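Here the structure comes first, spelled out in structure tokens, and everything after it is commentary.
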Amino acid sequence: MTTLRELLKIPGNTDKPIIAVPLTLGPTDKFSPFAQKLQQQNPDIVEWRADYIADDFSQAVMWQQVKSGAQNELAQKEVSAMTEAKMLSEIDNAKQEFMANWPQMNAQIIKELTGTVFNSIGGFPVILTYRTVEQGGKGEMSAVEYATFVISALHSGYPFAAVDVEYTLDEPLRKSIMEAASQVNVPVILSYHDFNSTPKILNKMIIDMSETAADIIKLAVTPKTEADVQYLLDVTHDSEVPQPLITMSMGELGKRTRVEGYQYGSELTFATLNGSSKSAPGQLTINELLQAWQ
């Protein structure tokens, strides 16, 4: 069976899991402080949480910026009502042209965003993730926009180590992302998040997810009791699917799964550089994680 470390091409012969750091920078955040800490703390891989930035460059947002600019320019001119009506009509015509050109503009924007990430973090492998609000993220794109973004990023020419695809995404769109990933030889992490509970059908869920074209399976659930935490660990240990597993119980109660999960078969754990940029409840810092392993 191929290990996750082999699949993601991450060197190392340690028995410890891969350490992934979430990159949760928004459009006004600077990359250099993150990059400096990254070099200092040296995790195995970075998960680019594109949902923290991509929505600020969506079709609706970009058109609103163009329209606002034109309207502000118009407001500064002293023109007759007839001329103003004509210029407003031209803005409407410009919208049609904008919409027609949007696919090419969108692909270029996504390529530039992706390039900024790769050029800023100094050679670390990158997992591409766009996490929707429904699955605990910031992303408010429609399902089609989400799929379009991820597929465009995969085809941007930058070598992602893996791509996260939400299990709850409509199956045709999910398959389209998986096919795009396959075309560029990027492994797929099929993920499911439950921020309310720990479903008592985790084993069945893992089996169902394993019967897709996914290369890796990720489950993140929320415990109400210590028994929920142990259940997640036991299901992970007892799983017999061929894909590598990434599993965790979120929140304070589930913290030990982030430390001990590898002993039960979870091959990756998430940790932050400074404790303030958590992408899910219960994440430890890299230093806290390393101290717990000593």
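Because only heavy atoms are used, hydrogens play no part in the values below, and waters and symmetry mates are left out as well, while side chains stay in. The shown structure was predicted, so the numbers you read here are calculated from the model rather than taken from an experiment.
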Looking at [X] and [Y], would you say the former's side chain and the latter's main chain have a donor-acceptor pair under 3.5 Å?
X      : Y      : result
Thr129 : Glu47  : no
Thr212 : Met209 : yes
Lys138 : Thr24  : no
Glu179 : Ser176 : no
Gln108 : Met105 : no
Ser182 : Met178 : no
Asn203 : Val235 : no
Asp215 : Val188 : yes
Tyr130 : Met141 : yes
Gln243 : Ala214 : yes

Inset, instruction - Please assess Asp164 against Leu128 for the test side chain to side chain contact (heavy atoms under 4.5 Å, CB included), listing each intermediate value before the final yes or no. - result: CA-CA 6 Å; Asp164 181 291; Leu128 169 62; over 6 Å; no
Legend entry - side-chain hydrogen bond (donor to acceptor under 3.5 Å, both in side chains) assessment of Thr247 paired with Thr236: CA-CA 7 Å; Thr247 67; Thr236 304; 2.8 Å; yes
Are [X] and [Y] side-chain neighbours, meaning at least one heavy-atom pair lies under 4.5 Å?
X      : Y      : result
Leu273 : Phe34  : yes
Met248 : Thr269 : no
Val221 : Ser197 : no
Thr257 : Leu233 : yes
Phe124 : Ile45  : no
Leu25  : Tyr52  : no
Arg256 : Gln230 : yes
Val165 : Val150 : no

Legend entry - Test log, rule side-chain hydrogen bond (donor to acceptor under 3.5 Å, both in side chains), inputs Gln135 and Ser191: CA-CA 9 Å; Gln135 283 283 286; Ser191 68; 5.1 Å; no
Heavy atoms of other groups near [X] [atom1], more than 12 under 6.0 Å:
X      : atom1 : value
Glu140 : CD    : no
Lys16  : NZ    : yes
Lys200 : NZ    : yes

Taking all heavy atoms of [X] and all of [Y], pick out the closest pair and write down the distance.
X      : Y      : answer
Ser120 : Ala35  : O-CB, 3.1 Å
Ala161 : Pro187 : O-CD, 3.1 Å
Ile177 : Ala147 : CD1-CA, 3.8 Å
Ala20  : Leu268 : CB-CD2, 3.8 Å
Ala50  : Phe149 : CB-CE2, 3.5 Å
Ser156 : Ala153 : OG-O, 2.6 Å

Spatial distance of atom [atom1] ([X]) from atom [atom2] ([Y]) [nearest 0.5 Å]:
X      : Y      : atom1 : atom2 : answer
Tyr192 : Leu202 : OH    : CG    : 9.0 Å
Ile286 : Asp44  : CD1   : CG    : 8.5 Å
Lys37  : Asn42  : NZ    : CG    : 16.0 Å
Tyr158 : Leu113 : OH    : CG    : 10.5 Å
Leu289 : Gln283 : CG    : CD    : 10.5 Å
Glu240 : Ile206 : CD    : CD1   : 11.5 Å

Under 3.5 Å, is there a donor-acceptor pair between the [X] and [Y] side chains?
X      : Y      : value
Asp194 : Thr222 : no
Thr285 : Thr272 : no
Lys218 : His193 : yes

Charged N-O contact under 4.0 Å between [X] and [Y]:
X      : Y      : answer
Asp170 : Lys175 : no
Lys255 : Glu252 : yes
Glu267 : Arg5   : no

Inset, instruction - Check the hydrophobic clustering (I, L, V, M, F, W, Y; side-chain heavy atoms under 4.5 Å; chains of links allowed) and say if Ile10 and Met1 are grouped together. - result: no
Inset, instruction - Tell me whether Phe195 is reachable from Val133 by hopping between hydrophobic residues (I, L, V, M, F, W, Y) whose side-chain heavy atoms are closer than 4.5 Å. - result: no
Inset, instruction - Using the six-membered ring wherever Trp is involved, compare the ring planes of Phe160 and Trp48 and label them parallel, tilted or perpendicular (cut-offs 30° and 60°). - result: parallel
Legend entry - Positive for side-chain contact (heavy atoms from CB on, under 4.5 Å) with Ser210, one of Leu190, Val241, Leu245: Val241
Inset, instruction - With Pro244 as reference, evaluate Ile18, Thr2, Leu4, Ile217 under the side-chain contact (heavy atoms from CB on, under 4.5 Å) test and give the passing residue. - result: Leu4
Inset, instruction - Applying side chain to side chain contact (heavy atoms under 4.5 Å, CB included), run through Asp15 and Tyr262 and close with a yes or a no. - result: CA-CA 8 Å; Asp15 66 333; Tyr262 75 97; 4.2 Å; yes
Inset, instruction - Apply the test side chain to side chain contact (heavy atoms under 4.5 Å, CB included) to residues Leu219 and Ile246: give CA-CA distance (whole Å), side-chain angles for both, the deciding distance (0.1 Å), then the verdict. - result: CA-CA 6 Å; Leu219 279 181; Ile246 302 169; over 6 Å; no
Inset, instruction - Take His155 and Val184, measure what side chain to side chain contact (heavy atoms under 4.5 Å, CB included) needs, and give me the verdict at the end. - result: CA-CA 7 Å; His155 285 302; Val184 290; 3.9 Å; yes
